[in-house]
Amino acid sequence: MRDPRVANLAKILVHYSTRVGEGDTCVIEGPTAAEPLIAAVYEEVLAAGGHPVVAMSFEGQLASFFERASEAQLDWVSPLAEWAAEEADCRIAIGAESNTRQLSEVPPERQTRRQAATRRLMQRTMERSAEGAYRWVYTIYPTNAYASDAEMSLRAFEDFYLGACLADEEDPVGAWKRASEETRRLTERLQGCSEIRVSGPGTDIRLGVEGRTFIPCYGDRNMPDGEFFTGPVEDSVEGEVTFHLPAMVAGREVSGVWLRFEGGRVVDARAERGEDFLIELLDTDEGSRRLGELGIGTNYRIDRGTRNVLLDEKIGGTVHMALGAAYPETGGRNQSAIHTDLVCDLRRGGRIEADGELIQEDGRFVV
């Protein structure tokens with residue numbers, strides 16, 4: 001029997017996040033473990049008059065690829081992926097890892113080579129998204145692996161996750177429309193400022209944002225959602241920042257990250273765990289030592305770290321900064337094969353200021 005909350009999540013993804021309409025092509029991606037949600041999404045796309053294109057993967061497929069692929073195969077890009085980036089109207093991607101550390105033994109240079117090969121697809125989808133020609137959303141389906149990373153039972157994680165998605169609401173689409181109002185208000189409050197300062201234990205960093213656009217996020221790209229973000233001026237970032245929450249990046253846990261910026265570029269980096277891999281990421285290409293995003297979380301239903309950036313970057317009372325590619329709609333121009341989000345928790349002694357005005361203190365907005 002299908003969990004009614006899963007059916008509600010499918011409704012959110014199709015009718016709210018991507019707004020699938022008559023004649024739209026919609027790529028539905030996900031592993032076999034996510035089949036209940038994939039099936040529900042498929043049915044909702046048909047109900048909306050769209051054309052679903054299902055691309056399912058099997059358990060362990062990615063690990064097998066990195067273990068066995070030749071250099072030529074690492075560089076090869078699927079025609080289906082190229083078509084999706086250039087032609088599809090919508091994309092609904094669903095993660096459902098059975099082992100979030102399956103890539104932990106893959107040499108980092110093989111992963112960065114693959115990222116370089118697919119870089120143009122990421123850039124193209126970002127461009128089409130900014131133009132309004134491509135609608136996409138990413139979510140996950142609860143698994144034991146995600147629950148274990150969050151140090152929760154599967155049932156507890158299901159309740160936590162689906163609650164964060166507002167899938168437990170009687171009218172989930174209406175609930176997201178209401179939730180969007182506060183995020184829009186905060187976004188408008190910061191629009192037009194010139195500098196953001198984030199400070200707290202181990203953190204004092206200034207980011208220039210003059211001329212950049214703040215984008216409100218309320219379920220149209222990620223589900224769950226709850227943030228607003230911009231692209232810092234590329235050479236403006238100065239100071240140090242400590243990222244308190246551990247993150248899973250390409251199958252590796254990276255935690256206790258500290259970065260120091262000068263002239264917008266990372267000039268010093270440390271991590272309590274995964275430091276070698278962090279340095280590999282920073283050396284991916286010319287743009288990987290600069291920030292492509294500053295985001296501010298607004299979803300207070302997400303109240304703890306889970307080692308899953310989809311959730312952790314939305315935590316009300318946190319900020320996240322992404323190394324690498326910027327979203328063009330913000331005015332950001334940084335280009336890179338990576339876009340790696342790291343989360344700084346401000347709920348215990350942190351502050352956000354915009355042009356010297358206090359915006360948030362101890363994780364709570366004061367405007």
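- Side chains of Y141 and I38 form no contact here, defined as non-hydrogen atoms less than 4.5 Å apart.
- Residues passing the side-chain contact (heavy atoms from CB on, under 4.5 Å) test with V137 are L13, S17, T18, I92, M223, sequence neighbours excluded.
- Applying the side-chain contact (heavy atoms from CB on, under 4.5 Å) test to W76 and every residue at least two apart in sequence or in another chain returns S78, P79.
- The list of side chain to side chain donor-acceptor pair (under 3.5 Å) pairs with a residue in residues 262-272, not counting sequence neighbours, reads R260-E262.
- A salt bridge links R135 to D24: at least one charged side-chain nitrogen sits closer than 4.0 Å to a carboxylate oxygen.
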Pair up each side-chain donor or acceptor in residues 40-48 with any protein partner under 3.5 Å, not counting sequence neighbours, and list the distances.
residue : atom : partner : partner atom : Å
E43     : OE1  : R2      : NH1          : 3.2
E44     : OE1  : H15     : NE2          : 2.7

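- Here R301 pairs with E169 in a salt bridge; the nearest charged N to carboxylate O distance falls below 4.0 Å.
- Hydrophobic cluster membership of L80, counting Ile, Leu, Val, Met, Phe, Trp and Tyr whose side-chain heavy atoms lie under 4.5 Å apart directly or via other members: V27, V53, W83.
- Using cut-offs of 30° and 60° for the angle between ring planes, the F365 and Y300 rings count as perpendicular.
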Result block: side-chain N/O donor-acceptor pairs under 3.5 angstrom for residues 289-296, not counting sequence neighbours:
residue : atom : partner : partner atom : Å
R289    : NE   : D283    : OD1          : 3.2
R289    : NH1  : V266    : O            : 3.0
R289    : NH2  : D283    : OD1          : 3.0
R290    : NH1  : E234    : O            : 3.2
R290    : NH1  : G263    : O            : 3.1
E293    : OE1  : H339    : NE2          : 2.9
E293    : OE2  : H320    : NE2          : 3.1

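- Sorted by first and then second residue, the salt bridge (Lys or Arg N to Asp or Glu O under 4.0 Å) pairs with a member in residues 83-103 read E29-R91, E86-R124, R101-D149, R101-E253; sequence neighbours excluded.
- Annotation: salt bridge (Lys or Arg N to Asp or Glu O under 4.0 Å) contacts involving residues 200-210, sequence neighbours excluded, comprise E195-R206, R197-D204.
- The list of side chain to side chain donor-acceptor pair (under 3.5 Å) pairs with a residue in residues 49-65, not counting sequence neighbours, reads E59-S98.
- E182 pairs by the side chain to side chain donor-acceptor pair (under 3.5 Å) definition with R185, not counting sequence neighbours.
- Applying the ring-ring contact (aromatic ring centres under 6.0 Å, His included) test to F229 and every residue at least two apart in sequence or in another chain returns Y327.
- Judged by the 6.0 Å distance and 45° axis criteria, R252 is positioned over the aromatic ring of F277.
- Residue pairs meeting the salt bridge (Lys or Arg N to Asp or Glu O under 4.0 Å) criterion with at least one member in residues 358-367, sequence neighbours excluded, are R351-E361.
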| Does the salt bridge (charged side-chain N to carboxylate O under 4.0 Å, His left out) test come out yes or no for D220 and R19, once each step is laid out? | CA-CA 9 Å; D220 59 340; R19 307 180 306 283; 5.5 Å; no

